[in-house]
Amino acid sequence: MGRVRVGVIGAGWWATRSHLASLCAYERADVVALVDPDRERLEAAARRYAIGRTFSDHRPLLDAGLVDAVVVAVPHALHYPIARDALAAGVHVLVEKPLVLRSSEAADLIARARAAGCHLVVGYTYQFTRHARLAREIVQTGRIGELQLVSGLFASSVEAFFRGAPEEYAPPVEGTVTGPSARTYSDPALAGGGQGQTQVTHGMGMVFWVTGRRAVEVTAQMSSCGLAVDLVDAVAYRLDNGAVGTIASTGGLKPGQPKQQEFRYYGSEGVLLQELIHGKLSVHYADGTSEEIADMSEDELYPADLPARTLVDLVLGGRDNPAPPEPAAATVEFLEAAYRSAHEGRTVRTSELA
Ligand SMILES: NC(=O)c1ccc[n+]([C@@H]2O[C@H](COP(=O)([O-])OP(=O)(O)OC[C@H]3O[C@@H](n4cnc5c(N)ncnc54)[C@H](O)[C@@H]3O)[C@@H](O)[C@H]2O)c1
């Protein structure tokens, strides 16, 4: 197979800004079809990227056998049914984060992908960076010893998304073919939650990818600050090796205020400090020595073109999937437990979710 035939499902902000731009400039891919029930968005994106076939629903696209792979970039609650249908049709899938909203759905997608021999990539852009690869290698080869504690802080400026006014979040959405729909991040039925499903998912996705662990117990406090979805979250958890962790997260920074995306992994033999936004990584060993890894350049910080290209490379025989579904499923499980914990006011064991 020389080129991979790709269908893009969802013609919204992220698909047009990142995935279509990336795939249409990639010599190994042919974007053959675009799907969106919103006619205006569909036509605008098809025109901009010169895509010949358009559909208002993903099923006729899959039934027509037109594609080898699809990119699923739709509101969170629709990730599962669309990815499930694509895998059932034997099509490889890149699905945006969060993988899905429920751990049972994540397990089902993983089983289907394995049974069908299909690749499943999750849109965790940060995992495609040099530092993420290195952080994972350092922790999983035991260089910081036995993991004892993980601390995370993720503060971002997305409150306007949760209020249903994403156009106020000017710099990232300016000049894009289609901006986020008002409801995608503000309607709990579509989004499944606010800061947790939109931002904590990035941070904990990284933690589960780097550590290779999953959570067994989760205790969360969340506040919506007058919105229909959570804006600030504080979560304490225990991992399956006995290590404990916390993540604190707010989407309420105002544009211009400095953002923080810091993760710290404390082991019996060393500490790994990972900072995502400014691209910093260092290791500090128990014997007093340190390793400063070269900062990432501006271009390396958020390689939004790589998830879709990686899917294409995998279909063509590549072996490297930096965003596989298993740690993404651990993130889904973590968030499902966190939302339940915040709602019920108690610690939730992830074993309860099955
Ligand atoms: N990895 C990242 O950094 C990143 C950044 C932004 C968004 N995202 C993710 O991308 C996804 C889309 O977000 P967005 O900001 O582009 O939202 P958006 O509202 O701009 O786009 C969603 C699109 O899906 C369409 N849609 C709704 N139902 C559909 C269906 N059944 N079939 C096909 N299309 C359908 C909508 O009409 C809309 O055009 C979300 O999962 C989001 O979390 C990821």
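Source: prediction; values computed, not measured. The analysis underlying the following values was restricted to heavy atoms, covering all of them including side chains, and did not include hydrogens, waters or symmetry mates. Order of listing sets the numbers, starting from 1, for every ligand and every atom in it.
Numbered from 1 in the order shown, with element, the atoms of ligand 1 that lie under 4.0 Å from a heavy atom of Gly179 read 20 (O). Close approach of ligand 1 to Ile9 is summarised as follows: ligand atoms under 4.0 Å from at least one heavy atom of the residue are 33 (C). If you number the atoms of ligand 1 from 1 as listed, the ones under 4.0 Å from a heavy atom of Gly10 come out as 24 (O), 33 (C), 34 (N). Interface of Thr184 with ligand 1, defined as ligand atoms under 4.0 Å from a residue heavy atom, comprises 17 (O), 18 (P), 19 (O). Shown in contact with Gly123 at under 4.0 Å from a heavy atom are these atoms of ligand 1, numbered in order with element: 1 (N).
Distance from atom 43 (O) of ligand 1 to its nearest protein heavy atom, with residue and atom name: His76 NE2, 2.9 Å. In terms of protein heavy-atom proximity, atom 44 (C) of ligand 1 is closest to Glu96 OE1, 3.1 Å.
Not close to ligand 1: Thr178, with no non-hydrogen atom less than 4.0 angstrom away. Judged by the shortest distance from any of its heavy atoms, Gln197 lies outside the 4.0 Å radius around the atoms of ligand 1. The shortest heavy-atom distance from Pro307 to ligand 1 is not under 4.0 Å. At least one heavy atom of His79 lies less than 4.0 angstrom from ligand 1.
Within the 3.5 Å criterion, the main-chain N or O of Leu272 finds no donor-acceptor partner in the side chain of His284.
For Glu298, the CD atom is loosely surrounded, since the number of other residues' heavy atoms within 6.0 Å does not exceed 12.
Side-chain contact of Asp233 with Gln221: a donor-acceptor pair under 3.5 Å is absent, judged by distance alone. At a cut-off of 3.5 Å, with distance as the only test, no side-chain donor of Glu269 or Tyr285 sits close to an acceptor on the other residue.
Of the candidates Val74, Val72, Ile82, the one placing a heavy atom closest to atom 31 (N) of ligand 1 is Ile82. Between Trp13, Trp14, Tyr302, it is Trp13 that holds the heavy atom closest to atom 20 (O) of ligand 1.
A continuous path of Ile, Leu, Val, Met, Phe, Trp and Tyr side chains, each step under 4.5 Å between heavy atoms, connects Leu78 with Tyr80, placing both in one hydrophobic cluster.
If you look at Tyr185 and Trp13, their ring centroids are not closer than 6.0 Å.
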Query raised in the report: Does the salt bridge (charged side-chain N to carboxylate O under 4.0 Å, His left out) test come out yes or no for Arg112 and Asp108, once each step is laid out?
Result: CA-CA 6 Å; Arg112 283 174 184 274; Asp108 182 54; 2.9 Å; yes

